[in-house]
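The block underneath contains the structure these notes are about, expressed in structure tokens.
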Amino acid sequence: MTAAALPPSPGVTVRAPAKVNLHLGVGAPRPDGLHPLATVYQAVGLYDDVTVCDAPEWRVELVEPDPSVPLDDGNIALRAGRALVEHHGLDLAAEIRIDKGIPVAGGMAGGSADAAATLVALDRLWGLDTSDTDLLRIAAELGSDVPFALIGGTAMGTGRGELVEPLADATDLWWVVVLSDDGLSTPAAYRHFDELHPDAPSEPPHPDALVAALAAGDVAAVADRLENDLWAAARDLRPDLVEVEADLRSMDPLAVLLSGSGPTLLMLFGDVDAARAALADVTALGHRASIAPGPVAGAHVVHYG
Ligand code: ATP
């Protein structure tokens with residue numbers, strides 16, 4: 001990883017995972033304009049590493065600069081740092097260095113991972129002992145996917161996705177994550193969902209069969225029950241994804257799934273060898289792809305001092 005090429009710096013490094021939605025049930029927009037969700041999150045093995053250290057002023061930098069990631073208050077990691085300091089009534093600042101391994105704007109919640117990692121890293125750096133309840137509440141205010149990035153594993157998400165409950169998951173899944181060169185705006189995907197589904201329920205149904213299959217460790221049943229309500233909207237907004245989807249289905253995965261609001265697509269396999277073979281095939285077709293196991297842990301310290 002590129003971070004290894006940089007001189008070691010004192011501070012705390014926290015690693016936070018990307019997420020996929022094994023189920024993304026979307027309801028009709030609430031009065032506040034946000035969509036009620038019934039979603040099953042799974043943390044998968046693509047990570048951002050966030051390193052924090054004391055600084056006279058807030059500052060965020062990327063190990064590999066990316067013009068699509070803001071370095072001002074638009075960066076959700078910076079907002080997380082300020083929110084934690086405000087919660088404790090402190091006057092502290094930090095430098096936040098982000099080493100991104102999660103695709104940007106890919107529907108895998110990379111920004112949310114950075115926010116969760118920043119909360120944990122600063123809590124440890126300054127010995128704040130923030131309670132789990134408070135961390136989850138601050139996380140929920142930052143963004144709907146941030147609480148899940150804290151807990152990781154596999155979890156049910158309700159509300160707008162911010163209310164998370166860990167789920168029993170006895171599966172061992174292998175994902176081939178297929179990236180897209182062009183982005184797909186999350187608000188645009190939800191707007192088009194509203195156009196396509198004027199009769200969406202106010203409470204999307206709970207995915208009971210998927211939850212049972214996960215607990216039983218039944219990978220075939222999990223594959224049959226993967227679902228994403230945003231898929232039709234994503235296909236309309238990005239017709240090129242239909243062709244990619246056909247390429248992926250020809251590789252005989254257990255399932256193909258749109259990741260969150262897309263445009264990243266996922267192939268599911270039950271073992272790493274099958275995933276490796278598909279990775280070689282999909283790469284030979286010219287797609288950018290990588291392998292990620294799931295479920296994995298949420299934000300956790302990997303370096304201290
Ligand atoms: P969403 O949470 O909107 O579904 P996503 O998971 O598809 O997003 P992210 O990688 O989180 O994708 O980025 C969404 C947008 O958030 C980016 O285009 C970028 O402008 C902005 N952003 C703010 N902070 C960050 C960050 N730390 N990392 C990545 N993007 C960030």
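Numbering starts at 1 and runs along the sequence shown. In listed order, ligands and their atoms are each counted from 1.
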Margin query: With nothing but distance in play, are any N or O atoms of G262 less than 3.5 Å from an N or O of ligand 1?
Written below: no
Check: Quick one: nearest non-hydrogen protein atom to atom 3 (O) of ligand 1, plus distance?
Finding: T186 OG1, 3.3 Å
Next item on the list: For the pair M108 and V20, evaluate side-chain contact (heavy atoms from CB on, under 4.5 Å) and give the outcome as yes or no after the intermediate values.
Entry: CA-CA 6 Å; M108 301 193 82; V20 301; 3.9 Å; yes
Margin query: Checking the side chain of D48 only, and the main-chain atoms of A113 only, is there a donor and an acceptor separated by less than 3.5 Å?
Written below: no
Check: For ligand 1, which atoms sit closer than 4.0 Å to a heavy atom of G111?
Finding: 9 (P), 10 (O), 11 (O), 26 (C), 28 (N)
Checklist line | For atom 6 (O) of ligand 1, closest protein heavy-atom neighbour | finding: A109 N, 2.6 Å
Check: Do ligand 1 and I98 have nitrogen or oxygen atoms that lie under 3.5 Å from each other?
Finding: no
Notebook entry, point to check: Can you say whether the rings of H300 and Y47 are parallel (under 30°), tilted (30 to 60°) or perpendicular (over 60°)?
Noted result: perpendicular
Checklist line | Identity and separation of the nearest protein heavy atom to atom 9 (P) of ligand 1 | finding: A105 N, 3.5 Å
Check: At what distance is the nearest protein heavy atom to atom 21 (C) of ligand 1, and which residue and atom is it?
Finding: P70 CD, 4.0 Å
Next item on the list: Provide the number and element of each atom of ligand 1 under 4.0 Å from a heavy atom of M108.
Entry: 6 (O)
Notebook entry, point to check: Can you check whether a protein heavy atom sits less than 4.0 angstrom from atom 15 (C) of ligand 1?
Noted result: no
Note to self: Looking at D129, I'd like to know if its CG atom is crowded, meaning that more than 12 non-hydrogen atoms belonging to other residues, nucleotides or ligands lie closer than 6.0 Å.
What the structure shows: no
Next item on the list: Using non-hydrogen atoms of the residue, decide whether G106 is closer than 4.0 angstrom to ligand 1.
Entry: yes
Notebook entry, point to check: Is it the side chain (CB and beyond), the backbone, both or neither of K100 that lies under 4.0 Å from ligand 1, heavy atoms counted?
Noted result: side chain
Notebook entry, point to check: Does the distance from a Lys or Arg side-chain N to an Asp or Glu carboxylate O, for D114 and K100, drop under 4.0 Å?
Noted result: yes
Note to self: Check this for me: does any side-chain nitrogen of one of E141 and R137 sit under 4.0 Å from a carboxylate oxygen of the other?
What the structure shows: yes
Notebook entry, point to check: What do you reckon, does N75 have a nitrogen or oxygen under 3.5 Å from a nitrogen or oxygen of ligand 1?
Noted result: yes
Check: Nearest to atom 19 (C) of ligand 1, what protein heavy atom do you find, and at what distance?
Finding: S68 O, 3.3 Å
Margin query: Judged on heavy-atom distance to atom 24 (N) of ligand 1, which of V104, I76, L62, V50 sits nearest?
Written below: I76
Item checked: Which residue and heavy atom of the protein sit nearest atom 5 (P) of ligand 1, plus the separation -> G107 N, 3.7 Å
Checklist line | Under-4.0 Å salt bridge between R59 and E61 | finding: yes
Next item on the list: Measure the distance from atom 23 (C) of ligand 1 to every protein heavy atom, then report the residue, atom name and distance (to 0.1 Å) of the closest one.
Entry: G74 O, 3.3 Å
Notebook entry, point to check: For A77, is at least one N or O under 3.5 Å away from an N or O on ligand 1?
Noted result: no
Check: Does CG in D91 sit with more than 12 non-hydrogen atoms of other residues, nucleotides or ligands closer than 6.0 Å?
Finding: no
Check: Nearest to atom 26 (C) of ligand 1, what protein heavy atom do you find, and at what distance?
Finding: D114 OD2, 3.5 Å
Note to self: Taking D182's backbone N and O only, do any of them form a donor-acceptor pair with R238's side chain (distance below 3.5 Å, no angle check)?
What the structure shows: yes
Margin query: Looking only at distances, can you tell me whether any N or O atom of V69, backbone or side chain, sits closer than 3.5 Å to an N or O atom of ligand 1?
Written below: no
Check: Salt-bridged, D73 to R82, with N to O below 4.0 Å?
Finding: yes
Notebook entry, point to check: With the threshold set at 4.0 Å, does a side-chain nitrogen-carboxylate oxygen contact exist between R249 and E245?
Noted result: yes
